[in-house]
Protein chains: 2
Amino acid sequence: MSIKKLAAHLGLSKSTVSRALNGYTDVNEQTREKVLKAAQDIGYKANPTAKRLASGKSRNIGIILPAHSRMFVSSAFSKVLAAAAEFLAKHDYQLIVTTIFDWQDEQQVYFDFITSGLVDGVFIVRTRHLDPRISMLKKHQFPYVCFGFDTDFKNDCFVDVDNAQAFYDLTQRQIKHGHSRIAFLDAPNELTVSQARKQGYLQAMHEAHISIDPHWLLNGELNEHDAMKMTQKIMLLIHRPTCILCADDTMALGAIAACETLGYQVGIDIAVAGYGDYEHSRYTNPSITTVQYDIDAVGEGMSKLMLNKVEGKQFEVKNWHEATIVIRQSDDYFITNET
Amino acid sequence: MSIKKLAAHLGLSKSTVSRALNGYTDVNEQTREKVLKAAQDIGYKANPTAKRLASGKSRNIGIILPAHSRMFVSSAFSKVLAAAAEFLAKHDYQLIVTTIFDWQDEQQVYFDFITSGLVDGVFIVRTRHLDPRISMLKKHQFPYVCFGFDTDFKNDCFVDVDNAQAFYDLTQRQIKHGHSRIAFLDAPNELTVSQARKQGYLQAMHEAHISIDPHWLLNGELNEHDAMKMTQKIMLLIHRPTCILCADDTMALGAIAACETLGYQVGIDIAVAGYGDYEHSRYTNPSITTVQYDIDAVGEGMSKLMLNKVEGKQFEVKNWHEATIVIRQSDDYFITNET
DNA sequence: TTGTAAGCGTTATCAC
DNA sequence: GTGATAACGCTTACAA
């Protein structure tokens, strides 16, 4: 009864009040001022649910995170999300995070989400090759923006870090420092980032004419535990690596722990590097050589693309963000050894 | 037009269809089955926005997280949240996470949130003493549940870990191992958890008749950087501590890094302990002695209390959760030294 | 057991 | 410029 009450209070009709409040031009300026003032005084606030039902717009952007994956807790990713949310907030949009569990059907959850009217668009993370979520979104013509490129993407729907380049650089760095037995603990194969990272690694190895022992190329979840298991495996090989590249810094932490358990001194007996420049990486012992990128720019980019879609804005956005290596102690020895 | 369409399709009225769909008893079972089947076939899905407007209920529970604090990324806390969300999901409620930024007015953001109709209740975290958010929630009689106790709380509105006990135990442990110069890096004073933790620490010290150097009691944000700064400060004192207790494991990580930078060997020259059993704590070198609690139980407890409030459920919930010490290497020496 | 009709608080399309 | 009035898609008395 709220706008009605306000209208009654002012001796105006609901429609006039609505128009005044929503900045339409066909309203007498004095009327508008009166309405605005009264709304202020009376503490009137439009009911978003009603607005949503009437207008079909929610001014919410959603994201669905797997509750039990580390995505929900990865500090780097949370920062991306915070940056995205901040940009949205400045344009009077809200980011809504919701969760999905292992026991739920992904397609169903996404479908329910986009048909709920709760959000005007969704962010997709952990992009997979030929991602079924994206097929569905496309089919229903629902606005989406991905963090993570796939081969058939247009520039208006994704931002990504140049993972291939990052791991090309990282691998090349290790090769330069004398390594040839370089292992790579990659993320799950289904993720597009995994493909990109592996490709960068392979290319650098190939260009240096170093053959790769397939035992050194493993996939696992982005967490310490999986990395530990994988590291134990490869470090017990007779022909074991002298360097381990990890798909992110949590894996690096696990790899380092595994190496130390086995009696290796990381940074001296073996080099380890990660990706993402997670918060812990500069504080651990040894601190972790990693790859960083402009987190805020990525987050903002996602939101800009989203607003381009849902509001017809024309923000320019950079799809690809370069990554740069941050040198720390976990592969320190090989630097010092150099010259 | 959807329920209308479905009704027309079935030759029934909207109300009957609605009742059938929503499990009311005054519906012929055969009719209900027909409706359910038709809904399935036709792919009918009720529009949540319309439902919300009509019923005044959203089946959403909200939480507002400070986007730039570590709360958003603390792995332990995210797990609590995931557990809470999972329990809610099983009762057909959704958890909605949204963000607040430094430049926003907290009262306003909370007010907008609870009056938006988006959520039926809110979770409050980082509870502060005499928290203004809670005053407002109370005033508007909006359902809330806190993670973190304050002195005037009733049992129906909070769950908490027994922080006082945890830090009493932790401090006592260090005293038993011969420490008397025990520093405590606490979280910001305004948080109720900080008070509780400090109280436990003080009590243990007091009971052991150990006087406390006020320089050893510092407050800072729950992150590595603040902890590092504080640690540097206290370790440069002439009368410096032999043990540092930290309000959480990120602080412990920072404290350890600072000690090592200053040339101390953590676990041998100095003991460090944290709180929360964060993911990294078992993988760092040295691994971190910490305090753990039943994360899932806490999360579930929050959701149970919430459903008691918004749905009139009668779940029994345990308000206080005990914490237990997890012994690792960061204060290892003093254990071995014992017997 | 089912149908009718009045909301829920807005926006939007008309006339005026 | 302003005001009726009909949507939006559903719930819920109340009547039948």
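Because only heavy atoms are used, hydrogens play no part in the values below, and waters and symmetry mates are left out as well, while side chains stay in. Proteins come first, then strands; the chains are lettered A, B, ... in the order of their sequence lines, and each starts at number 1. Since the structure is predicted, the reported quantities are computational estimates derived from the model, not experimental observations.
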With respect to the side chain of [X], which nucleotide from [options] is positioned closest?
X       : options               : result
A:Asn28 : C:dT11, D:dT2, C:dG3  : D:dT2
A:Tyr24 : D:dT11, C:dG3, C:dA12 : C:dA12
B:Asp26 : D:dG9, C:dT1, D:dT11  : C:dT1

Q. Base, sugar-phosphate alone, or nothing: which one does A:Thr31 contact when heavy atoms must sit under 4.0 Å apart?
A.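 Sugar-phosphate only.
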Q) Does atom NZ of B:Lys37 have more than 12 heavy-atom neighbours, drawn from other residues, nucleotides or ligands, at distances under 6.0 Å? A) no
(Q) With nearest nucleotide decided by heavy atoms, which residue, A:Glu29 or B:Thr49, maps closer to the 5′ end of DNA chain D? (A) A:Glu29
Q: Decide, yes or no, whether a salt bridge links B:Asp152 with B:Lys138 under the criterion of side-chain N to carboxylate O below 4.0 Å.
A: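 Salt bridge flag = yes for B:Lys138 with B:Asp152.
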Is the phosphate of [N] approached by [X] (side-chain N or O, under 4.0 Å from OP1 or OP2)?
X       : N      : value
A:Thr16 : D:dG3  : yes
A:Ser18 : C:dT11 : yes
A:Ser15 : C:dA12 : no

Q. Is it true that the NZ or CZ of A:Lys309 lies under 6.0 Å from the centre of A:Tyr144's six-membered ring and within 45 degrees of the ring axis?
A.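 Verdict for A:Tyr144: a cation-pi partner in A:Lys309.
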(Q) Determine whether a donor-acceptor pair (one donor, one acceptor, N or O, separation below 3.5 Å) exists between the side chain of A:Lys14 and the base of C:dT10. (A)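 Such a pair exists between side chain and base.
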(Q) What I want to check is whether an N or O donor and acceptor connect the side chain of A:Arg19 with the base of D:dG3 at under 3.5 Å. (A) yes
